[in-house]
Structure formats: C-alpha cells, structure tokens
Amino acid sequence: QVRLVESGGGLVQPGGSLRLSCATSGRTFSSYAMGWFRQAPGKEREFVAVAIWSGAWTYYVDYAESVKGRFLISRDNAKSTISLQMNSLKPEDTAVYYCAAAPPGRSGRDFHEYDYWGQGTQVTVSS
C-alpha cells in the first residue's frame, strides 16, 4: 500500500519558520517528481514546489513565484522523505499543505499530473 504522510504543520507568527516533512512508503519514488501543493479555504489547490528527477541522482527544483526565495524543497531518498523548509512566512501562506508524487516525465506544476497524495497538514500563519 502506497502511503504519503505529512507532518510538521502548525501555528506560527508572521516572519516565522516551519519545516514540513513527508514520509513515503509502499514503493520507490526516487525517479518520481515529488511536489508540495497547498489549498486555502475557498481556493483551488495550488503548486508550491517540486523536485524532479534529472538523472545521476540529481534533481531539478522549481518553485511558485509566491514562495521563491522563502521556501526550500529537499528530498532524502535513503529515508524516503521529502521536506519543505518554509521561512519568512506570511498570513497568505495559510493553507493545508499536501505532498504528492508524479511519474517521471511530468512538468510537476499541474496537480492533475500527480498519482499519489498525502492527507495534508495545516499551516496557519497568524499573530
């Protein structure tokens, strides 16, 4: 059974930091694109960041403009985890954050490309 389980969400003040983790199991995702998406109440799910296999154990990373320079995606294939370090958080970052896995060859920005999803973790940025 394939599982993606997020952790690390919570309440943080504006300007603060959080680190989200996603533990995967049930199959090997080393060649998959691993991404983070988020969904705020009343809004569509939106792309946040992705790490795409580019061969020779290297990954291409891509970020939404709204988080570029503040968020950092990383993956540890030995531990079957991906992480999202979120710094300088803003109230508009408040959302449920999901990790997801897409087969090789996808762009990584479109949530329709993803086959596997976690259950989500709530991030609330508020004073």
Give me the atom names and distance for the closest heavy-atom approach of P104 to S31. CG-O, 3.3 Å
Do L4 and V123 sit in one hydrophobic cluster, given that two such residues count as connected whenever their side-chain heavy atoms are within less than 4.5 Å of each other, even indirectly? yes
Hey, is CD on E44 packed in by over 12 heavy atoms from elsewhere, all under 6.0 Å? no
For R70, side-chain contact (heavy atoms from CB on, under 4.5 Å) partners two or more places apart: V67, S88, K90, D93
May I have the step-by-step check of side-chain contact (heavy atoms from CB on, under 4.5 Å) for S126 and L11, ending in yes or no? CA-CA 7 Å; S126 175; L11 173 65; 4.2 Å; yes
Hydrogens and angles aside, do N87 and S17 bring a side-chain donor and acceptor to less than 3.5 Å of each other? yes
How far does CG of L20 sit from OG1 of T81, to the nearest 0.5 angstrom? 12.5 Å
Applying a strict under-4.5 Å side-chain criterion to I, L, V, M, F, W and Y, I'd like to know whether Y60 and F29 cluster together. no
Which heavy-atom pair separates I52 from A33 by the least distance, and what is that distance? CG1-CB, 3.9 Å
Same cluster for M34 and Y59 if Ile/Leu/Val/Met/Phe/Trp/Tyr side chains link at under 4.5 Å? no
Looking only at side-chain N and O atoms, does S107 offer a donor or acceptor that is under 3.5 Å from a partner on E113? yes
Can Y116 be reached from W53 by stepping across I, L, V, M, F, W or Y side chains whose heavy atoms are under 4.5 Å apart? no
What heavy-atom pair brings R75 and S30 nearest, and what distance separates the two atoms? NH2-O, 3.6 Å
Under the salt bridge (charged side-chain N to carboxylate O under 4.0 Å, His left out) rule, collect the residues that match up with K43, sequence neighbours excluded. none
Taking every heavy atom of L84 against every heavy atom of A49, the minimum-distance pair comes out as CD1-CB, 4.2 Å
Before giving the answer on side-chain contact (heavy atoms from CB on, under 4.5 Å), spell out for S66 and R38 the whole-Å C-alpha distance, their side-chain angles and the decisive distance to 0.1 Å. CA-CA 12 Å; S66 60; R38 65 188 183 187; 3.5 Å; yes
If we ignore hydrogens and angles and just use 3.5 Å, is the side chain of T24 paired with the main-chain N or O of S80 as donor and acceptor? yes
Closest approach of I73 and V61, non-hydrogen atoms and distance? CG2-CG1, 3.8 Å
Main-chain N/O of V50 paired with Y63 side-chain donor or acceptor, under 3.5 Å: no
Please determine whether side-chain contact (heavy atoms from CB on, under 4.5 Å) holds for the pair T94 and Q122, giving the CA-CA distance in whole Å, both sets of side-chain angles, and the decisive distance to 0.1 Å. CA-CA 8 Å; T94 296; Q122 176 70 47; 4.0 Å; yes
Rounded to the nearest 0.5 Å, how far apart are CD of Q39 and CZ of F111? 8.0 Å
Between E6 and Q119 (side chain of the first, backbone of the second, donor and acceptor by atom type, cut-off under 3.5 Å), is there such a pair? yes
The test is side chain to side chain donor-acceptor pair (under 3.5 Å); show your working for R27 and Y32 and say whether it passes. CA-CA 11 Å; R27 68 160 299 145; Y32 272 54; 3.2 Å; yes
Test of ring centre spacing under 6.0 Å for F37 and Y114: yes
Hey, what do you get for OG (S83) to CG (D76), rounding to the nearest 0.5 Å? 8.0 Å
Decide yes or no for S74 and R19: does some side-chain heavy atom of the first lie under 4.5 Å from some side-chain heavy atom of the second? yes
Tell me whether R3 at atom CZ has more than 12 heavy atoms from other residues, nucleotides or ligands lying less than 6.0 Å away. no
Lys/Arg cation over aromatic Y98: R45, 6.0 Å, 45° cone: yes
Working to the nearest 0.5 Å, report the span between SG of C22 and CH2 of W117. 11.0 Å
Should L72 and I82 be counted in the same cluster of Ile, Leu, Val, Met, Phe, Trp and Tyr side chains packed under 4.5 Å apart? yes
